[in-house]
Number of protein chains: 2
Amino acid sequence: MTDSARYHHGNLRPALLARAVEVIEVDGVRDMSLRRIARDLGVSHGAPQRHFSGKADLLDAVAKQGFTMLGEAYAETMRNVGGGDRLTALAVTYLEFSMARPELVQLMFTRKHSPVEGMDEAVAEAFRVPLEVIAEEQRRGNLIEGDPEQLGIYVVAVLHGLTSLANAGFITAGSSQSLLASAADHVLDGLRPR
Amino acid sequence: MTDSARYHHGNLRPALLARAVEVIEVDGVRDMSLRRIARDLGVSHGAPQRHFSGKADLLDAVAKQGFTMLGEAYAETMRNVGGGDRLTALAVTYLEFSMARPELVQLMFTRKHSPVEGMDEAVAEAFRVPLEVIAEEQRRGNLIEGDPEQLGIYVVAVLHGLTSLANAGFITAGSSQSLLASAADHVLDGLRPR
DNA sequence: ACCTGAACACCGTTCAAGT
DNA sequence: ACCTGAACACCGTTCAAGT
């Protein structure tokens, strides 16, 4: 079997997707082109069209893949955290995940996801673990009552906002430590004096 | 003076910048090309290079312009709000500003701003008013003590995160109303039971 | 000083043709 | 069914030439 025949058996699509994720993580979205991905994989520039209807379609698939990766990172954290503060551990996981691949995360939260096959399921699966932990902490009386999903969205918004500001350079490396610590306090205790 | 000579007097740069902002607001960053902007203004595709060193340079200028616009929106709000809750009014101003032009705001918070002439000043000016109001509310005892700038960054992070999630479609139009209301409560009172 | 227009190397997308 | 390669209309960037 020659090199050029390696992708004639249905595995070109996952290979294109994996390479696209890789390029976006390493070089950024700006350098992710269909022609470059095809070149990297040794296929012709027209080959991707058989598997993705266009560049936007591939980017949507990358975003979906990002949510799957995030969900796996959460699951990994849950396996490793013992009896500790699971909510904080998950928050740290999100911060590390998105600081390590800012452009991928930006893509995940940018696409007005046009109906992509399985996107909603990937998103739901990614946030399943955090939502379960939030509900659990509510039952234990460590968090206020209310719809766990709304609380979850709020927490994600805070984390996503913080990483966006950090990646944009508004939070310098020097101040990030104290800022993140105080942010954790603010989320729990609020900004109103008690 | 012929049409083609209209920009021979130093006003091509601001015209290019204004048109770029407009295209990004209306059609999105994806449709903003140097050649298209030049075409819209009736100059040759090489003309912009005399005023912006490249596409990235123009995008940086657009981001800076966005902060100037945000600062003006804050100032406008302060002129119109009477004795009401100025902090909430400013928060609403931010939400409306960024929901009206998501791609511009994304650009503002994306660029790892390479040293752009006057960028830091534009950012500082944009957030001057909110920071003043935060410091004032601290003096009145309506907000906890601490570095106003750190509190400001935290508040901006929450607002920016919420709009990002909304623009990504994670906050549906139906749930956005109750979510934003509860988010305001969460910011002030926190998620820990009192 | 400022803009034009040709030139170059890239892109996304389409589509007949090959295997 | 899957991939190739030519073709088309776009890009960003560079640069000699014009005014």
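Everything numeric here is computed off the predicted structure, so don't read it as measured data. Each chain gets a letter, A, B and so on, in the order the sequences are listed, and its residues count up from 1.
Contact check of residues 46-59 of chain A against DNA chain C (heavy atom, cut-off under 4.0 Å) returns A:Q49, A:G54, A:K55. Within residues 13-30 of chain B, no residue places a heavy atom under 4.0 Å from DNA chain C.
With sequence neighbours excluded, the residues that form a side-chain contact (heavy atoms from CB on, under 4.5 Å) with B:T68 are B:E72, B:A122. Scanning for side-chain contact (heavy atoms from CB on, under 4.5 Å) contacts around B:H45 gives B:R35, with sequence neighbours left out. In this view, A:Y74 satisfies the ring pair (Phe, Tyr, Trp, His ring centres under 6.0 Å) rule with no residue, not counting sequence neighbours. Every residue two or more places apart in sequence or in another chain that forms a side-chain contact (heavy atoms from CB on, under 4.5 Å) with B:E125 is listed here: B:R128. The side-chain contact (heavy atoms from CB on, under 4.5 Å) test applied to B:R194 returns A:R194, B:D189, not counting sequence neighbours. Residues satisfying the side chain to side chain donor-acceptor pair (under 3.5 Å) criterion with A:H160, sequence neighbours excluded, are A:Y94. A:E22 meets the salt bridge (Lys or Arg N to Asp or Glu O under 4.0 Å) test with A:R19; sequence neighbours excluded.
Mapping B:M32 and A:S44 onto DNA chain D by nearest heavy atom places A:S44 closer to the 5' end of the strand.
Taking atom CZ on A:R39 and atom P on C:dC10, their separation rounds to 7 Å, with Å as the unit. To the nearest angstrom, P of C:dC3 lies 14 Å from CG of B:L34. Atom P of nucleotide C:dG12 and atom CG of A:D31 are separated by 11 Å, given to the nearest angstrom. Atom CG in B:N11 sits roughly 18 Å away from atom P in C:dA1 (whole-Å rounding). Taking atom CZ of B:R35 as the reference point, atom C1' of C:dC3 lies 15 Å away to the nearest angstrom.
Closest to the side chain of A:L12, out of C:dG12, D:dC10, D:dC3, is D:dC3. In this structure, of C:dG5, D:dG12, D:dA7, it is D:dA7 that holds the atom nearest to the side chain of A:H45.
The backbone N or O of B:A73 lies less than 3.5 Å from a partner atom in the side chain of B:T77, making a donor-acceptor pair.
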Exercise answer: donor-acceptor pairs, residues 101-108 of chain B side-chain atoms, under 3.5 Å, sequence neighbours excluded:
residue, atom, partner, partner atom, Å
B:R101, NE, B:E25, OE2, 2.7
B:R101, NH1, B:F97, O, 3.2
B:E103, OE1, B:V29, N, 2.9
B:Q106, OE1, A:T110, OG1, 3.0
B:Q106, NE2, A:T110, OG1, 3.4

Below 3.5 Å, can you tabulate the donor-acceptor pairs from side chains in residues 148-155 of chain A to any protein atom, sequence neighbours excluded?
residue, atom, partner, partner atom, Å
A:Q150, OE1, B:S182, OG, 3.3
A:Q150, NE2, B:S178, OG, 3.0
A:Y154, OH, B:V187, N, 3.4

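Ionic pairing of A:K64 and A:D60 is not present here: no N-O contact between side-chain nitrogen and carboxylate oxygen is shorter than 4.0 angstrom.
For DNA chain C, each stem of at least three Watson-Crick or G-U pairs (distances under 3.5 Å) is given as range with range: C:4-8 with D:12-16, C:12-16 with D:4-8.
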